[in-house]
Amino acid sequence: QVQLVESGGGSVTAGGSLRLSCAASGYTDRLDCMGWFRQDPGQKREGVAAILTADGSSRYADSVQGRFTISQDNAKNTVYLQMNSLKPEDTAMYYCGARPRGSCGPLWYGSAREIYWGQGTQVTVSS
């Protein structure tokens, strides 16, 4: 059973930075796609950034393009999200998601048959 553990959330003022980490365990092979998602109460979970672990290719939501960077450390089975120039609208619960086999598209759109989620880490940005 894949387990994803997020860390690094917190409270910052607008313009500040945070780095989230997601450590994966319980899987004998590399997870094909890992990503970060966020959700406000009562809202649908939305994709923020995702990375195809085989080649490091990534995708971002338009709202974070140029401010957030997803990266990976395959030796540690860990994915990071560096968040710079944070805005109050970035406030949300951030979740790490992973799709063991396949491309990132179905993970991004939530249509994959097998997706694992972490417990989430709160990010709060004050103005």
Is the shortest heavy-atom distance from the side chain of [X] to the side chain of [Y] under 4.5 Å?
X      : Y     : result
Asp90  : Met83 : no
Cys104 : Arg99 : no
Ser63  : Arg38 : yes
Leu18  : Phe68 : no

**Asked** Is Arg19 close enough and on-axis enough to Tyr80, meaning under 6.0 Å and within 45°, for cation-pi?
**Response**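 Relative to the ring axis of Tyr80, which defines the angle, Arg19 lies inside both limits.
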**Prompt:** Is there a donor-acceptor pair under 3.5 Å between the side chain of Gln3 and the backbone N or O of Gly26?
**Reply:**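 Answer holds: no.
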**Request:** Please confirm whether the backbone N or O of Thr91 pairs with a side-chain atom of Thr124, one donor and one acceptor, at under 3.5 Å?
**Result:**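 Pair absent, no side-chain N/O of Thr124 close to backbone of Thr91.
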Atom pair [atom1] ([X]) and [atom2] ([Y]), whose distance is rounded to the nearest 0.5 Å:
X      : Y      : atom1 : atom2 : value
Leu52  : Met34  : CG    : CE    : 12.0 Å
Phe37  : Leu81  : CZ    : CG    : 11.5 Å
Gln82  : Ile70  : CD    : CD1   : 12.0 Å
Gln122 : Glu6   : CD    : CD    : 12.0 Å
Lys87  : Ser126 : NZ    : OG    : 15.5 Å
Leu20  : Thr78  : CG    : OG1   : 12.5 Å

List the atom of [X], the atom of [Y], and the distance in Å for their closest heavy-atom pair.
X      : Y      : result
Tyr94  : Trp36  : CB-CE3, 4.5 Å
Arg30  : Thr53  : NE-OG1, 2.8 Å
Leu31  : Ala98  : CD1-CB, 3.8 Å
Leu107 : Gly35  : CD2-N, 4.1 Å
Gly9   : Val123 : CA-CG2, 4.2 Å
Cys33  : Gly102 : CB-O, 4.2 Å

In terms of hydrophobic clusters joined by side-chain contacts under 4.5 Å, are [X] and [Y] together?
X      : Y      : answer
Val2   : Ile115 : no
Tyr116 : Val79  : yes
Tyr60  : Trp108 : no

**Message:** Angle between ring planes, Trp117 versus Tyr95, binned at 30° and 60°: parallel, tilted or perpendicular?
**Reply:**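 Rings of Trp117 and Tyr95: perpendicular, as their planes differ by over 60°.
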